[in-house]
Q: 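Take a look at the following structure, please.
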Amino acid sequence: MKLALSAAAVAVEDGVELTVTAKSYVRDLFCMADKVDAKASVAEGMVSLLPGVSVVLHIATADAAALAAPGAFAAANVLRSANDPKREW
């Protein structure tokens with residue numbers, strides 16, 4: 001299965017910045033940050049992206065494990081869209 005997006009995460013002062021770039025149309029992208037850290041929150045809600053367009057999701061977290069491995073917020077069971085309701089994890 002070809003993924004419709006690519007994602008890169010970096011820890012920043014107040015949490016994690018998750019940059020998502022669409023490879024094809026991405027409908028209703030959302031990050032279920034609480035799967036990584038129960039207290040985490042994402043500033044942005046659902047967004048749709050056209051091919052080549054990027055968005056930076058700002059995830060507020062103070063969890064040491066989440067900050068040490070920010071890529072966890074890009075995992076298949078955390079970063080989801082309407083494009084992939086049956087996506088394997």
Side-chain angles (χ1 to χ4, degrees):
M1 168 194 256
K2 182 180 176 186
L3 296 179
L5 55 87
S6 63
V10 295
V12 294
E13 184 176 324
D14 58 347
V16 172
E17 286 188 352
L18 179 62
T19 303
V20 181
T21 303
K23 294 181 181 179
S24 61
Y25 178 65
V26 175
R27 188 175 132 220
D28 296 337
L29 174 75
F30 62 102
C31 179
M32 295 184 286
D34 62 329
K35 287 188 172 256
V36 177
D37 169 16
K39 295 181 181 178
S41 63
V42 182
E44 297 76 19
M46 287 189 192
V47 294
S48 294
L49 303 171
L50 294 173
V53 175
S54 296
V55 65
V56 178
L57 303 177
H58 303 277
I59 303 164
T61 180
D63 183 74
L67 293 171
F73 290 102
N77 66 329
V78 179
L79 186 62
R80 302 301 308 265
S81 77
N83 298 55
D84 59 358
K86 295 182 181 180
R87 185 167 152 191
E88 297 289 326
W89 357 11

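Only heavy atoms go into these numbers, but all of them, side chains included; no hydrogens, no water, no symmetry mates. Sequential numbering from 1 along the given sequence is applied to the chain's residues. Small disclaimer: the values here were computed from a predicted structure and weren't measured.
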Q: If every non-hydrogen atom of Asp37 is compared with every non-hydrogen atom of Ala62, which pair is closest and at what distance?
A: OD2-N, 4.3 Å
Q: Minimum heavy-atom separation for Ala40 and Phe73, please, with both atom names.
A: CB-CE2, 4.4 Å
Q: Rounded to the nearest 0.5 Å, what separates atom NZ in Lys39 from atom CG in Asp34?
A: 13.5 Å
Q: Could you tell me the separation between the OH atom of Tyr25 and the CG atom of Leu50, rounded to the nearest 0.5 Å?
A: 7.0 Å
Q: I'd like to know if Val47 and Val53 are part of one continuous hydrophobic network [Ile/Leu/Val/Met/Phe/Trp/Tyr, side-chain heavy atoms within less than 4.5 Å].
A: yes
Q: Please check if Met46 and Met32 belong to a single hydrophobic cluster, counting links between Ile, Leu, Val, Met, Phe, Trp and Tyr side chain heavy atoms closer than 4.5 Å.
A: yes
Q: Test of understanding: clusters of I, L, V, M, F, W, Y form through side-chain heavy atoms closer than 4.5 Å, transitively. Do Val12 and Leu79 belong to the same one?
A: no
Q: Heavy atoms only: give me the nearest Lys35-Val78 pair and the separation to one decimal.
A: CB-CG2, 4.0 Å
Q: Can you name the nearest heavy-atom pair linking Thr19 to Ser54, along with the distance?
A: CG2-CB, 4.4 Å
Q: Any sub-3.5 Å donor-acceptor pair from Asp14's side-chain atoms to Ala60's backbone N or O?
A: no
Q: Closest heavy-atom contact between Leu29 and Ser81?
A: CA-CB, 4.0 Å
Q: For Leu18 versus Ala74, what's the shortest heavy-atom pair and its separation?
A: CD1-CB, 3.9 Å
Q: Are the side chains of Ser48 and Asp28 in contact, using a 4.5 Å heavy-atom criterion?
A: yes
Q: When hydrophobic residues are tied together by side-chain contacts of less than 4.5 Å, even through go-betweens, does Ile59 share a cluster with Leu67?
A: yes
